[in-house]
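Lettering of chains follows the sequences in order, A, B, ..., and the numbering in each one begins at 1. Everything numeric here is computed off the predicted structure, so don't read it as measured data.
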Protein chains: 2
Amino acid sequence: MALDHALLVALREQPGSGLELAKRFSRSIGYFWPATHQQIYKVLGRMETEGWVSVSEVAQTGKPAKKVYDVTPAGADVLAAWLAEPTDTHTMRSELAVKLRGASFGDRAAVLDVVRANLADHHVRLDHYRQLMKRDYTDGPVDLAGLELDQYLVLRGGIRVEEFWIEWLTEYLEAHA
Amino acid sequence: MALDHALLVALREQPGSGLELAKRFSRSIGYFWPATHQQIYKVLGRMETEGWVSVSEVAQTGKPAKKVYDVTPAGADVLAAWLAEPTDTHTMRSELAVKLRGASFGDRAAVLDVVRANLADHHVRLDHYRQLMKRDYTDGPVDLAGLELDQYLVLRGGIRVEEFWIEWLTEYLEAHA
DNA sequence: AGATACATGTAAATGGTTACATGATTCC
DNA sequence: GGAATCATGTAACCATTTACATGTATCT
């Protein structure tokens with residue numbers, strides 16, 4: 001039950017339709033909470049019946065109409081309450097890590113190929129994040145506060161995650177070189 | 001469908017009962033693939049009917065009997081095939097990251113407390129991993145190969161993950177100090 | 001007999017993934 | 001009319017989490 005809250009955060013940043021949220025998720029918040037449009041529509045529907053969000057049909061020129069969602073005061077309360085709750089430390093779930101550990105029970109060369117493919121992908125992601133950083137925060141976090149500072153810091157986290165993967169997978173490959 | 005494969009790896013390292021696997025998971029592989037005993041029993045049952053593992057009842061002195069599972073040749077083939085498959089780069093899922101980003105929509109002091117609690121927990125985990133490292137690999141990875149090297153490298157990954165969290169959360173706290 | 005640790009499970013609910021379905025609008 | 005994009009959804013399946021249930025063996 002946490003996609004709900006991730007969507008509330010996204011909608012408080014900026015109201016939007018299901019598809020817009022799905023696109024925004026594939027950037028920003030989705031870096032730490034992936035979600036598909038199917039999932040998002042379902043949760044938006046549920047949150048509407050619970051009164052956490054309100055909908056309004058918005059006509060568009062050149063495109064079909066869309067339903068724009070916004071957070072209600074009740075929804076804002078739910079979000080605030082959730083934010084103050086303790087979050088228990090979540091263990092990372094990584095299929096690749098299982099493969100790293102199990103490599104000796106299969107064809108090691110094949111596993112190393114899988115690792116190399118993942119490493120390349122993490123390099124692409126890191127480059128992408130660094131470009132966002134350059135584009136949006138040329139001066140670093142100076143003068144940032146509130147939401148903007150949080151957005152910056154979460155992007156920093158995204159960069160740190162990719163650096164973690166690159167360093168670890170590189171260590172793995174070198175150890176098996 | 002990957003707990004199956006994580007269990008196959010664990011069983012190839014060392015055959016064992018459901019509860020033993022659950023305990024081992026809370027160490028080692030479980031650092032990257034958490035699983036409860038309920039889940040493990042269910043998957044073991046399924047894998048047995050599929051012929052990937054075999055069972056034998058083992059009597060114990062001073063304890064109730066247990067069912068020890070081992071990987072069959074068919075299971076070993078399944079595992080080897082899976083290891084060679086590409087794994088797509090999985091996006092990390094973190095509730096805490098959503099809270100970091102949403103902090104300005106609630107009581108920031110409360111969110112900072114949540115962050116501090118998580119940071120403390122990651123320190124505990126890191127200390128634990130470092131102790132394992134000291135106990136099992138006093139000389140570093142020298143002379144390690146095959147399974148042992150992989151085990152070492154996955155522990156290195158665990159340490160790197162905790163370092164990532166500590167650095168990121170510390171940066172977050174300092175930026176909001 | 002009661003407490004504790006070991007051991008194996010079932011059932012219900014929740015959440016996430018994958019495949020499929022439908023319709024509006026614009027451009028060619 | 002057909003292809004492409006935008007937009008919203010349903011249904012079936014699979015995986016995970018949480019709560020509950022049962023029984024063995026040992027120790028006091």
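For the atom pair A:E13 CD and A:I29 CD1, the distance stands at 5.0 Å (nearest 0.5 Å).
For A:A65 and B:T61, each mapped to the nucleotide of DNA chain D holding its nearest heavy atom, the one lying further toward the 5' end belongs to A:A65. Taking for each of A:T36 and B:E20 the nucleotide of DNA chain C with the nearest heavy atom, the 5'-most of the two is the partner of B:E20.
Look at B:R93 and you won't find any side-chain N or O under 4.0 angstrom from OP1 or OP2 of D:dT16. Here A:Q39 does not reach the OP1 or OP2 of C:dG15: none of its side-chain N or O atoms lies under 4.0 Å away.
Of the candidate nucleotides C:dT10, D:dA7, D:dT16, D:dA7 has the atom lying nearest to any side-chain atom of A:Q60. The side chain of B:P64 lies closest to D:dA25, out of C:dT25, C:dT8, D:dA25. Among D:dT16, D:dA15, D:dA7, the nucleotide with an atom closest to any side-chain atom of B:R46 is D:dA15. Comparing D:dA12, C:dT18, D:dT8 by their closest approach to the side chain of A:Q38 singles out C:dT18. Comparing D:dT16, C:dA7, D:dC6 by their nearest atom to the side chain of B:L3 picks out D:dT16.
Residue contacts for A:K42: at a heavy-atom cut-off of 4.0 Å it reaches a base atom on one of the strands shown.
Partner B:E162 forms a side chain to side chain donor-acceptor pair (under 3.5 Å) with one of B:H122, B:R130, B:H123 and no other, that one being B:H122.
Counting all heavy atoms, side chain and backbone alike, B:L153 lies closest to A:A175 at CD1-CB, 3.7 Å.
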